[in-house]
Amino acid sequence: MYDLLIRNATLLDSVNTDDTRDIAITDGMITEIRRNLPDEARTVVDARGCLVLPPFVDSHFHLDSVWTRVPNSSGTLKEGIDNWFTYKQTTLTVEDVYDRAKAYCEHAFSMGIQAIRSHVDVCDPQLRGAQALVQLKNDLSDTIDIQLVAFPQDGYFGSPEVADLLNKALDMGVDVVGGIPHFEQTMELGSRSIETLVKIAAERDLLVDMHCDESDDPNSRHVETLAYQTRLLGMQGRVNASHVTSMAIMDPYYVSRKLIPLMVGAELSVITNPLINIHLGGHFHHPKHRAMAPIRDLHGAGLTVACAQDCNEDPWYPLGNADMLEVAHMGAHIGHMMGLEQLKTMVEMVTSNPARIMNLEGYGLETGCRANLLMLDARDYVEALRTTPDRVMVVRDGVIRVDTRKPEDTSRAP
Ligand code: FE2
């Protein structure tokens with residue numbers, strides 16, 4: 001007797017067909033997936049051909065600034081950082097961060113997100129963001145897996161206190177070492193910050209995720225140093241480069257013949273943020289370029305690539321709705337990823353790929369994985385990307401937590 005049986009689910013391996021499977025769940029785990037499972041379950045749900053996926057994973061976000069709704073009239077990264085600095089000086093409290101982030105996470109869960117990697121600014125002498133988000137990570141562990149990154153927003157060498165603050169944040173329970181080499185005052189300081197921060201991670205046995213080369217400057221090549229230090233310290237497979245937007249305008253020979261092979265050798269992963277990259281990038285060049293890392297080339301080279309949100313209604317971005325399909329949709333456009341297999345890859349870039357980057361245990365829609373999943377009002381992944389449909393059902397550890405089905409509703413896929 002299963003606890004929950006989901007009948008007639010379309011999975012990610014099926015497109016333009018009526019090929020469906022049944023998913024059996026017991027004790028919070030997926031116990032079987034195949035056609036025509038016996039109808040022996042305490043609860044039976046008929047998916048009626050709707051797409052069922054493992055939950056969305058947002059691997060790059062900023063929970064401390066979410067929903068602050070601070071305006072940014074120039075639409076630049078620089079004004080965003082300046083306005084956030086002012087917000088920290090005038091408005092930020094532990095309660096403010098906690099309440100905004102909690103409300104956002106509850107909304108994100110209803111949108112199908114069950115894991116978030118959030119950077120938290122550790123340049124604040126009181127570490128208010130870290131205090132709030134470490135507490136929230138524990139309070140919401142039954143709902144969302146939150147992983148926190150110690151992020152020196154104003155530069156690791158921006159002030160002498162930051163080194164201590166970053167270590168204190170890690171001691172408090174922040175999980176991952178962050179950085180922002182392109183924002184340090186000199187190229188040399190950027191390189192030194194990478195060297196120091198990867199070493200801290202190696203000594204503490206932690207993962208690394210740096211904002212790296214989020215810049216319209218083709219000479220911003222810190223990812224090269226990140227790859228080098230990763231190999232030097234034996235951190236292969238444990239280091240992520242976020243953004244790397246400068247790759248979009250670097251010399252193609254250098255990117256293809258030197259940089260990407262270096263990244264592959266270091267087993268770096270890459271997280272791009274299509275919505276924010278296309279919005280904040282490309283201000284200083286004519287003709288305007290696609291200010292996102294070349295995800296097709298990076299994926300083609302064998303790197304693990306994810307797409308994430310970065311921001312929702314904060315000093316950097318006035319839009320966003322916790323919709324990872326919107327992220328994948330934008331990524332497919334900017335990244336020239338419109339083939340059938342490539343569209344499937346785009347869905348993987350907001351599900352299994354970021355789960356791998358975050359080392360999420362038991363993630364996946366496979367026998368033996370945690371029964372965390374999501375049902376969408378779409379007949380397959382192409383329709384899901386095309387229509388950004390309603391979230392019909394969200395299951396967490398085998399328990400139906402969101403269910404928007406209506407008995408009389410016949411509009412869903414047959
Ligand atoms: Fe970010």
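In each ligand, atom 1 is the first atom listed, and ligand 1 is the first ligand listed.
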Confirm or rule out an N/O/S atom of [X], from backbone or side chain, lying less than 2.8 Å from the Fe ion (ligand 1).
{"X": "His211", "value": "yes"}
{"X": "His119", "value": "no"}
{"X": "His243", "value": "no"}

**Request:** Specify the closest pair of heavy atoms between Val395 and Gln114, including all atoms of both residues, with the distance to one decimal.
**Result:**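 Taking Val395 first and Gln114 second, the nearest heavy atoms are O-NE2, 3.0 Å.
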
**Request:** Report the name of the N/O/S atom of Asp310 located nearest to the Fe ion (ligand 1).
**Result:** OD1

**Prompt:** So, are Asp121 and Lys88 salt-bridged, with charged N and O less than 4.0 Å apart?
**Reply:**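 Answer for the salt bridge query: yes.
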
**Prompt:** Under the 3.5 angstrom rule, does the side chain of Asp82 hit a backbone N or O of Thr86 as a donor-acceptor pair?
**Reply:** no

**Message:** For Phe157, does the six-membered ring have the charged nitrogen or CZ of Arg192 within the cation-pi criterion, i.e. under 6.0 angstrom from the centroid and within 45° of the normal?
**Reply:**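 Yes, a cation-pi geometry holds between Arg192 and Phe157.
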
